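Worksheet: the structure to be examined is printed underneath.
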Amino acid sequence: MAKNLVIVESPAKAKTIEGFLGKDFLVKSSFGHVMDLSKKKLSVDIKDGFIPKYEISPDKKKIVSELKKYADAAKTVWLASDEDREGEAIAWHLVNALKLDEKKIKRIVFHEITKSAITKAIENPRGIDKNLVDAQQARRVLDRLVGYELSPLLWKKVKPALSAGRVQSVAVRLIAEREEDINKFKSKSSYKITAKFDINNDFGKSILVAELSKKFNTKNEAIEFLEKCKPAEFTIADIETKPAKKSPAPPFTTSTLQQEASRKLGFSVANTMRVAQQLYESGKITYMRTDSVNLSNLALAMANKEIKNSFGEKYAKTRKYSTKTKGAQEAHEAIRPTYFNVKNIEGDNAQKRLYNLIWKRTIASQMSDALLEKTNVTVNISNLKEKFIAKGEVIKFDGFLKVYFEISNQENQEEQKGVLPPLKVGEKLLRNEIIAEEKFTQQPPRYSEANLVKKMEELGIGRPSTYAPTISTIQRREYIVKEDKSGIQRNYNFISLKNDSITEEIKTEKSGFEKAKLFPTDIGILVNKFLLQYFDNILDYNFTASVEKEFDEIAEGQKIWNEMIGEFYGPFHNKIENTLEKSKKFSGEKLLGQEPKTGKNIFVKIGRFGPIVQLGDTDDDDKPKFAGLKKGQSIETITLEEALELFKFPRNIGKYEDTDMTVAIGRFGPYVMHNKLFYSLAKTDDPTTITQDRAVELIEEKRKKAKENIIKEYKEDNSVKVLRGKYGHYLSIKKKNFKIPKEMNPEELTLEDCLKIAEDPKNTPKKRFSKKRK
DNA sequence: CAGTGAGCGAGCTTCCGCTTGACTT
């Protein structure tokens, strides 16, 4: 057995490091945290100084016992978890979980996986930094208290199974507020003037395009301007040329990788992380969960060599970047290729594309500036004081642009600068055409997943390891949805002056098209309203930043962690108690109007199963009627007419095989019910207009499909069937499903076989987490 | 999945941050 056991967090890291160290060292990984608070209970002793009660995480029991075996046999245990708050806590938990003798342990840290960094770390061990551990405990306990006291309050006051937390609730707030901004937004229009001039000078013929420095608010002003241009003379008043430069962006962090992969490759945040993980595990890139833009000296040297080889000496420029992100912990390097001379890799398409993006971005970050020449040409109008301006841009030296071009975030970047024709000051220009185009101001854009990550990082909310999971949590809770929105056709005025006549046209454009953007749901909006009303401090965009400051003070030994938690918890818990006692159920109920026939009130609100409309008051003699909202409808925007429509279900649409068919809208969308069986409508079917014939078609379709999935039936007992499902073959007996053992051939099962399978408890399906609510 | 919504009451849900596989009805 090896004399030395080194424990790191990630198995891929363990493998690499083992190669650097001699055979006296055994390197194992803890797979992240090994101890945590129990999921089932609060596990914080509030009365006695907020002492947390840790347990070995259920899924880590095996790893812990394995590590303990190695640790007991080793002379020295080197705790090499990451150099940040969480890493320090992992080291401390390992001491407790493995019951390590303090004399036997050494804590080492390194933030790059290079041989020299590891060797240096081994030469400079230290003890566990208890202050840093305490900062982590404060973070952990705060999050637990907030999450586990707010969530149950929501269950009581809003809806069961909801959740709230320091990070997720702020993410939802961002999306809800953006939607509010969009609803409030009123588009304004103005007129942009562009001129095309014919050039005919010593250098030949060409065209100069220039834009007026001023925009007009009304059509009349624009026409008035064009009228004045009719007799005017146009002269070049000034040509200004100045050098400019562009510098490359720093190498990727988790957040910037997610943003660029979204923009350039169309990857979702989760997809980016999955593919990056694969690249990391196969040794092609460094660690993918990082907030650091730092590159190791080894990496800098490799990049420099690669650039000189591929592009030449003058393209290389070694750069050190430093982070500007709030609360960055920088335990790792930036995300970079492991070997810079590998430009392309083996792998699937997604891996190749993501690797290529990382390679280019990292290489570009070590390349020279691009040198540009920017030119501004001013054109005078003889009878007006406004000026036309033409802008040109020429690349004198491409530098890093040779490999990498960062797409900016702005959506409409129609302005493209190019090369201007050769011109002279004083030169007279011939007016070819001047146009006035009506332009509308754009509504604020909805967040994409990657833009949300960017914003969260700016606010210091969440960490590289949690961006993707947080986004899926708030989608799973149905606070937000990712959807496309088709744009709307819009008319705009287009006025043109050519020769001596002005013509007016109405053109159409499509605007507001959005793909894979985040929309708040009714429940998301409601929960956000509730939290803002009662817990505005937690939802404050600066909340995390201010507690982070206190965590830092704890880490530096200037503050006691449980005192800090106490100061927070007192007022917070009071608010919980108060709200529990005083506030009524928070359903977001809104009176829409009255039903024309009966005069009964119609409300919209959130019911136990989501948004509903209600006909009649709750305390009326007869029970009120309820109906769920259709997909795409929302509490915020539904009208009285739409609500009345919803009460028309269930609708009878005729008979089939002598039984009534009815159309209704359920939790999973509109459906036809026939003979107590359900048939979902297709997305293209409209439940308000669906015909009898179409409903029959749906019924027949589903029957045919069900038949195709039957592999075996038994005459003796028709409740037993062997079926083909999403995950392969399975057995169905009286609506209960069973797994068919792998060694058995589903095609050849006899009825006896089937019954035997059903009796064996190991074939009964495990209870999966289901969203079922009674 | 399951096509409800009142009210009663049992029993369930939930946080953030570290890490990877396991394995689905």
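In this text, all values refer to a predicted model and were calculated from it rather than measured experimentally.
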Just checking [X]: base, sugar-phosphate only, or nothing, at a heavy-atom cut-off of under 4.0 Å?
| X | value |
| --- | --- |
| A/Pro624 | nothing |
| A/Gly32 | base |
| A/Lys40 | base |
| A/Ala164 | sugar-phosphate |
| A/Arg139 | base |
| A/Leu162 | sugar-phosphate |
| A/Gln277 | sugar-phosphate |
| A/Gly462 | sugar-phosphate |
| A/Val146 | nothing |

**Prompt:** Is there a donor on the side chain of A/Arg140 or the base of B/dC15 sitting less than 3.5 Å from an acceptor on the other?
**Reply:** yes
**Prompt:** Taking atom types as they are modelled, is there a donor-acceptor pair under 3.5 Å from the base of B/dC18 to the side chain of A/Arg289?
**Reply:**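 Result: no qualifying N/O pair found.
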**Item:** Test log, rule side chain to side chain donor-acceptor pair (under 3.5 Å), inputs A/His111 and A/Glu330
**Value:** CA-CA 8 Å; A/His111 19 200; A/Glu330 304 201 71; over 6 Å; no
Looking at [options], which one has an atom nearest to any side-chain atom of [X]?
| X | options | value |
| --- | --- | --- |
| A/Pro160 | B/dC18, B/dT13, B/dC15 | B/dT13 |
| A/Phe678 | B/dG17, B/dT20, B/dG3 | B/dG3 |
| A/Ile612 | B/dT19, B/dG5, B/dC15 | B/dG5 |
| A/Met288 | B/dC16, B/dT20, B/dT19 | B/dT20 |
| A/Phe626 | B/dT20, B/dC16, B/dG5 | B/dG5 |
| A/Asp36 | B/dG21, B/dC16, B/dC18 | B/dC16 |
| A/Arg144 | B/dC18, B/dC16, B/dC15 | B/dC15 |
| A/Ser465 | B/dC15, B/dG17, B/dT20 | B/dG17 |
| A/Phe31 | B/dG17, B/dT20, B/dG5 | B/dT20 |
| A/Thr473 | B/dC15, B/dG3, B/dT19 | B/dC15 |

In whole angstrom, give the distance that lies between atom [atom1] of [X] and atom [atom2] of [N].
| X | N | atom1 | atom2 | value |
| --- | --- | --- | --- | --- |
| A/Met456 | B/dG17 | CE | P | 8 Å |
| A/Phe647 | B/dG5 | CZ | P | 14 Å |
| A/Gln278 | B/dG21 | CD | P | 12 Å |
| A/Gln614 | B/dT4 | CD | C1' | 14 Å |
| A/Ile90 | B/dT20 | CD1 | C1' | 13 Å |
| A/Tyr467 | B/dC16 | OH | C1' | 13 Å |
| A/Lys62 | B/dG21 | NZ | P | 11 Å |
| A/Lys41 | B/dC12 | NZ | C1' | 17 Å |

**Asked** Can you give the dot-bracket line for DNA chain B, using ( ) for pairs inside the strand, [ ] for pairs that cross earlier ones, | for pairs with another strand and . for unpaired bases, where Watson-Crick and G-U count if both distances are under 3.5 Å?
**Response** .........................
**Request:** Could you measure between the two C1' atoms, the one in B/dT24 and the one in B/dC1, and give it in whole Å?
**Result:** 14 Å
**Item:** Gap in Å between the two C1' atoms, one belonging to B/dA2 and one to B/dT25, rounded
**Value:**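 Straight-line distance between the two C1' atoms is 15 Å.
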Are any side-chain N or O atoms of [X] and backbone N or O atoms of [Y], one a donor and one an acceptor, separated by less than 3.5 Å?
| X | Y | answer |
| --- | --- | --- |
| A/Thr16 | A/Ala12 | yes |
| A/Ser151 | A/Tyr148 | no |
| A/Lys702 | A/Phe678 | yes |
| A/Asp540 | A/Asn542 | yes |

Any stacking of [X] on [N], going by centres under 5.5 angstrom and planes within less than 30 degrees?
| X | N | answer |
| --- | --- | --- |
| A/Tyr671 | B/dG3 | no |
| A/Tyr148 | B/dT14 | yes |
| A/Trp155 | B/dT13 | yes |

Do [X] and [Y] get their side chains close enough for a donor-acceptor pair, meaning under 3.5 Å?
| X | Y | result |
| --- | --- | --- |
| A/Ser163 | A/Gln168 | yes |
| A/Ser587 | A/Lys585 | no |
| A/Ser255 | A/Glu457 | yes |

Counting only side-chain N and O atoms of [X], is one of them less than 4.0 Å from OP1 or OP2 of [N]?
| X | N | answer |
| --- | --- | --- |
| A/Ser163 | B/dC15 | yes |
| A/Arg477 | B/dT13 | no |
| A/Gln168 | B/dC15 | yes |

**Item:** A/Asp143 vs A/Pro469, nearer the 5' end of DNA chain B by closest nucleotide
**Value:**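 Closer to the 5' end of DNA chain B: A/Asp143.
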**Prompt:** Checking side chain to side chain donor-acceptor pair (under 3.5 Å) for the pair A/Glu149/A/Tyr569: CA distance, chi angles, key distance, verdict?
**Reply:** CA-CA 11 Å; A/Glu149 292 209 357; A/Tyr569 184 75; 2.6 Å; yes
**Prompt:** Should the ring pair A/Phe568 and A/Phe572 be called parallel, tilted or perpendicular, given that the plane angle runs from 0 to 90° and is split at 30 and 60?
**Reply:**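 Plane angle under 30°, so parallel.
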